[in-house]
Engineer: 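Have a look at this one before I ask anything.
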Amino acid sequence: MLKIDKVSYKGILKGVGFDVFDNELVVITGPNGSGKSTLAKCIMGINKISSGKILFGKKDISKESITERAKLGVSFAFQQPVKIKGVTVRDLLISAGTNKPEKYLKMVGLVPEEYLERELSNTLSGGELKRIEIASILARDAKLMIFDEPEAGIDLWSFNDLVDVFKKIKKDHTIIIISHQERIIKLADRVLVLENGQVSRECTADEFLEEVK
Amino acid sequence: MEFCEFSEVEKQMLKEVAGLYAVPEGAYNFRVNGKSVSRKSSSNIDVNIVDGGLVINVKPGTKNESVHIPVVLSKTGLKETVKNTFNIGENTDVVIIAGCGIYNCGENNSEHNGVHILNVGKNAKVKYVEKHYGTGGGGGARILNPTTNAYIEEGAEVEMDLEQIKGVDSTIRKTTANVGKNAKLIIRERLMTHGRQTAESIIETTLAGENSAADIVSRAVAQDLSRQKFNSHIVGEGKCRGHSECDAIIMDKAQVLAEPALDAKSIDAELVHEAAIGKIAGEQIIKLETLGLTKAEAESLIINGFLK
């Protein structure tokens, strides 16, 4: 599905390489500043890589625009959701490609009637915006879903919902999650540890959790 | 005059400014190129012409009725000023659909200056919708200068929905309101300018009565080389609540000036203003691009939503 081949970016990523296979859930973890979010943004095309290749399917998407990568099937949930005054939750989810926005709000534990017509602005709390951000990626139903610290900024109740969502969708989606959370790491088919801009370790969730105990 | 007798251009204008595809239910007056061409009163809403302008009287107690008074200018070089007066009886609940469309395909300026006086009786509820639109490929300017003066009596509520999205080259819109005891004014204004258009919105609100209130929100988008000015002035004379908000997206080489002012004449006056002007943030465009939208589609979604 995805091949990251010797990718470097502004001294933050230093020749990163790994594969993600169809219907696999890969968790990328590692210390702060190791380049996890930077890598995710490189895959989505938000950051333009300095060298190396990103292959999606068999296509080299290294030079494709964000829009083009999205159309090919890459999706990305931001760690910090973006506020967009004027754009409602309904607008966002419909732009993501669904004609059933209610379904995806319910999946993240939000009542559609209360949220669909609200703007992505200060009228929503950080936790609400985060859940809506995740809903927008679920609504895209893309071949590859990347979530950057989906647990950040949401309460425990919502986090439980989120873990259930990932359990549900992992069966038939290819997913990369950047996370430090044990319960999310436990969902992983494979864990990649990023340190100092490189993959330092690749292991199963059990192996990783055993090592960090 | 039957609706089918309007020219295609005039029908287009009527659709844009008043959402009309046919003669509306209830009372109405259609003004085209400086003349009233079709007029009707209802049993509760009386539409008269006095000195060239309309005098519209709404009987006390009238509920769930509307009056449409669209204006269309389709002749180039026409300049007109018209004064309309609305006397809204007590305990009514009515909708006024005003609006003006200018089609100018010539080289001379076309200009409409509309003055509306709203005398709103006790406990009445009025929704006032005013939409302005211009089109036509001529070199002559399309100019609209509306003035609306509202006198809102005790317990009444006036909601103004003011929109100018497209095709008006120059506008100075002036809205004043005197809000009585327990009365309320709500204004939602949306303005978009492009090219070298200019728009100025002046809103002067006097919260005169005890427990009077005003909530004024203006949203604007200025593109290209256009210029906009927003001036909201709220005076609180006693115990009252006033809120004024100007939110603008600035693009290209446009200019937006916001000058909100508050004048509290009593320690019980609670007045707030907010003004924010900024470009569309790069991260907002990127977020929408990650959903598969192009940059142009993302900008359009944001602007259209912002002005909705």
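Naming: A, B, ... by sequence-line order, numbering from 1 per chain. Keep in mind that the numbers below use all heavy atoms, side chains included, and drop hydrogens, waters and symmetry copies.
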Engineer: Please flag which part of A:Glu119 lies under 4.5 Å from any non-hydrogen atom of chain B: side chain, backbone, both or neither.
Structural biologist: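 When you check distances to chain B, only side chain atoms of A:Glu119 fall under 4.5 Å.
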
Engineer: Has A:Arg183 got more than 12 heavy atoms of other residues, nucleotides or ligands less than 6.0 Å from its CZ?
Structural biologist: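 More than 12 heavy atoms, drawn from other residues, nucleotides or ligands, come within 6.0 Å of this atom.
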
Engineer: How long is the span from the CZ atom in A:Phe76 to the CG atom in B:Leu291, to the nearest 0.5 Å?
Structural biologist: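 Here the rounded value is 12.0 Å.
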
Engineer: Examine whether an atom of B:Leu288 lies under 4.5 Å from a heavy atom of chain A, and if so say whether it belongs to the side chain, the backbone or both; otherwise answer neither.
Structural biologist: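 Only the side chain of B:Leu288 comes within 4.5 Å of chain A.
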
Engineer: Could you tell me which portion of A:Ile66 (side chain, backbone, both or neither) has an atom closer than 4.5 angstrom to a non-hydrogen atom of chain B?
Structural biologist: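 A:Ile66 touches chain B through backbone and side-chain heavy atoms alike.
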
Engineer: Could you walk me through whether A:Ile46 and B:Thr290 pass the side chain to side chain contact (heavy atoms under 4.5 Å, CB included) check?
Structural biologist: CA-CA 9 Å; A:Ile46 298 166; B:Thr290 67; 4.2 Å; yes

Engineer: I need the B:Lys287 NZ to A:Lys83 NZ distance, nearest 0.5 Å.
Structural biologist: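 Rounded to the nearest 0.5 Å, the NZ-NZ separation comes to 15.0 Å.
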
Engineer: Is the count of non-hydrogen atoms from other residues, nucleotides or ligands lying under 6.0 Å from A:Lys100 atom NZ greater than 12?
Structural biologist: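 No - once you tally the heavy atoms of other residues, nucleotides and ligands closer than 6.0 Å, there are 12 at most.
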
Engineer: Can you find a heavy atom in the side chain of B:Glu283 that is under 4.5 Å from one in the side chain of A:Gln80?
Structural biologist: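 The answer is no, as the side chains (C-beta and beyond) never meet within the 4.5 Å cut-off.
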
Engineer: If I measure from the heavy atoms of chain B, does A:Leu92 come under 4.5 Å with its side chain, its backbone, both, or neither?
Structural biologist: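 Interface part for A:Leu92: both.
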
Engineer: Look at the side chain of A:Thr67 and the backbone N and O of B:Leu293, then say whether any donor-acceptor pair between them is shorter than 3.5 Å.
Structural biologist: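 Pair found, side chain donor or acceptor close to backbone of B:Leu293.
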
Engineer: Is the shortest side-chain heavy-atom distance between A:Ser95 and B:Leu301 below 4.5 Å?
Structural biologist: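 Yes - at least one pair of side-chain heavy atoms lies under 4.5 Å apart.
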
Engineer: Count the heavy-atom pairs under 4.5 Å between each of A:Ser136, A:Ala139, A:Pro81 and chain B, then report the option with the highest count.
Structural biologist: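 Looking at each of A:Ser136, A:Ala139, A:Pro81 in turn, A:Ser136 comes out on top.
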
Engineer: Identify which part of B:Asp247 has an atom lying under 4.5 Å from any heavy atom of chain A, answering side chain, backbone, both or neither.
Structural biologist: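 For B:Asp247, the contact with chain A is made by the side chain alone.
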
Engineer: Identify the heavy atoms of A:Asp91 and B:Lys308 that sit nearest to each other, and give their distance.
Structural biologist: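 Heavy atoms only, the tightest pair is OD1-NZ, 3.8 Å.
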
Engineer: Less than 4.5 Å apart, side chain to side chain, heavy atoms only: is that true for A:Lys85 and B:Arg219?
Structural biologist: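 Yes, side chains in contact.
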
Engineer: With respect to chain B, which residue among A:Ile84, A:Val87, A:Leu120 yields the maximal number of heavy-atom pairs within a distance under 4.5 Å?
Structural biologist: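 Among the listed options, the one with the most contacts to chain B is A:Ile84.
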
Engineer: More than 12 heavy atoms of other residues, nucleotides or ligands under 6.0 Å from NZ of A:Lys170: is that the case?
Structural biologist: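 For A:Lys170, atom NZ is crowded (more than 12 foreign heavy atoms under 6.0 Å).
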
Engineer: I'd like to know whether CZ of B:Arg241 has more than 12 heavy-atom contacts from other residues, nucleotides or ligands below 6.0 angstrom.
Structural biologist: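 Atom CZ in B:Arg241 is not packed in, count stays at 12 or less.
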
Engineer: Around atom NZ of B:Lys63, are there more than 12 heavy atoms of other residues, nucleotides or ligands at under 6.0 Å?
Structural biologist: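 Above 12, so yes.
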
